[in-house]
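Below is one structure; the comments refer to it alone.
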Amino acid sequence: MAMLEVKNISKSFGGLKAMNDVSISVGQGEIVSVIGPNGAGKTTLFNLITGVYTPDTGDIKFEGSSIAGKKPNQIVDLGVARTFQNLRLFMNMTILENVLVSQHHKLKSNWLSALLRTPGYLAQEKAMREYAVEKLAFFGPRLQSFRLHQPVFVLSYANRRRTEMARAMATGAKLLLLDEPSAGMNPKETREITQIIRRMRDQGGYTILLVEHKMNLVGEISDRVVVLDYGQKIAEGSYQDVVNDPTVIEAYLGKKAEGKEETEVQKAAKMDGRTI
Ligand SMILES: Nc1ncnc2c1ncn2[C@@H]1O[C@H](COP(=O)(O)OP(=O)(O)O)[C@@H](O)[C@H]1O
Ligand SMILES: [Mg+2]
């Protein structure tokens, strides 16, 4: 049984079919990438899995139980967390506070024990803090020690993305959905985040579904790649298979790829940091 099973889901916005009969499965411990041109439906897929939208038809199962139609917070509690293409951090709160927010739902205490700071409350708070720091440590020393207490607005864009990833990890999720984790990062930062995503799986034990435009990142870490175009799944397979698939090349170029053109696209796809 796959950890995540998306079965024949469709979703329309007015007359636009943003998701059309899409099925995707992700096995425990896999890194699966979703690629496709702008407007293909990648973020919509994430919104459907995380309960922001309910599919019109089809079903989504996580660890064998249907999550379609559940509320976003219920889906987080079950073990699915995400990051956003456009970051959603609390700019005036510190790095640590932003990561702790994701664990708040787990605090087993009422307002009175919080107010009185009972030993039970303090012990829970300490454990949460340590868990948050442990997740932030995935990103090296830059999000540690005194930096924990810096407000997010002073951080670089790359550090904001890292903080959001730590927040998703600190929910206690097993499955992480990362929406363009390297957006706004330079080639060096992109190479580093590629390695970190791999470590999140290898050492952190997370299963990862990611949306990404940078083909070098996708090629380096994906066990499998799914290609969406106009809300439909047009290809699925290894990175090499999909970037060599004429249907995929055509979707990106909007024209038939033959002979020389195809070779150029393949080269472009493999170039460091290039987006196709
Ligand atoms: N809430 C919404 N209301 C109307 N249209 C939407 C909504 N969300 C997404 N869409 C449309 O669905 C299509 C897919 O969007 P999106 O999933 O954001 O694409 P991608 O992430 O692949 O670039 C686009 O045409 C977009 O305008
Ligand atoms: Mg998107």
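Both ligands and their constituent atoms are indexed starting at 1 by order of listing.
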SB check R224 E30 (cutoff 4.0 Å): yes
R160 NZ/CZ over Y157 ring centroid, <6.0 Å and within 45° of normal: no
Inventory of protein N or O atoms under 3.5 Å from ligand 1 N or O:
residue  : atom   : partner : partner atom : Å
ligand 1 : 1 (N)  : Y53     : OH           : 2.9
ligand 1 : 17 (O) : T43     : N            : 3.4
ligand 1 : 17 (O) : T44     : N            : 2.8
ligand 1 : 17 (O) : T44     : OG1          : 2.6
ligand 1 : 19 (O) : G41     : N            : 3.3
ligand 1 : 21 (O) : T43     : N            : 2.9
ligand 1 : 21 (O) : T43     : OG1          : 2.9
ligand 1 : 22 (O) : A40     : N            : 3.2
ligand 1 : 22 (O) : G41     : N            : 2.9
ligand 1 : 22 (O) : K42     : N            : 2.8
ligand 1 : 22 (O) : K42     : NZ           : 2.8
ligand 1 : 23 (O) : G39     : N            : 2.8

Protein N/O/S atoms closer than 2.8 Å to the Mg ion (ligand 2): T43 OG1, Q85 OE1
Salt-bridge contact E220-R198 (side-chain N to carboxylate O under 4.0 Å): yes
Listed once per pair and sorted, the side-chain hydrogen bond (donor to acceptor under 3.5 Å, both in side chains) pairs that draw on residues 140-149, sequence neighbours left out: R142-E192
Under 3.5 Å donor-acceptor, K233 side chain and S23 backbone: yes
Partner residues of F138 under the ring pair (Phe, Tyr, Trp, His ring centres under 6.0 Å) criterion, sequence neighbours left out: none
Any L178 side-chain heavy atom under 4.5 Å of V211 side chain: no
Salt-bridge criterion met for E63 and K174 (N-O under 4.0 Å): yes
Residue R199 excluded, over 12 heavy atoms near CZ under 6.0 Å: yes
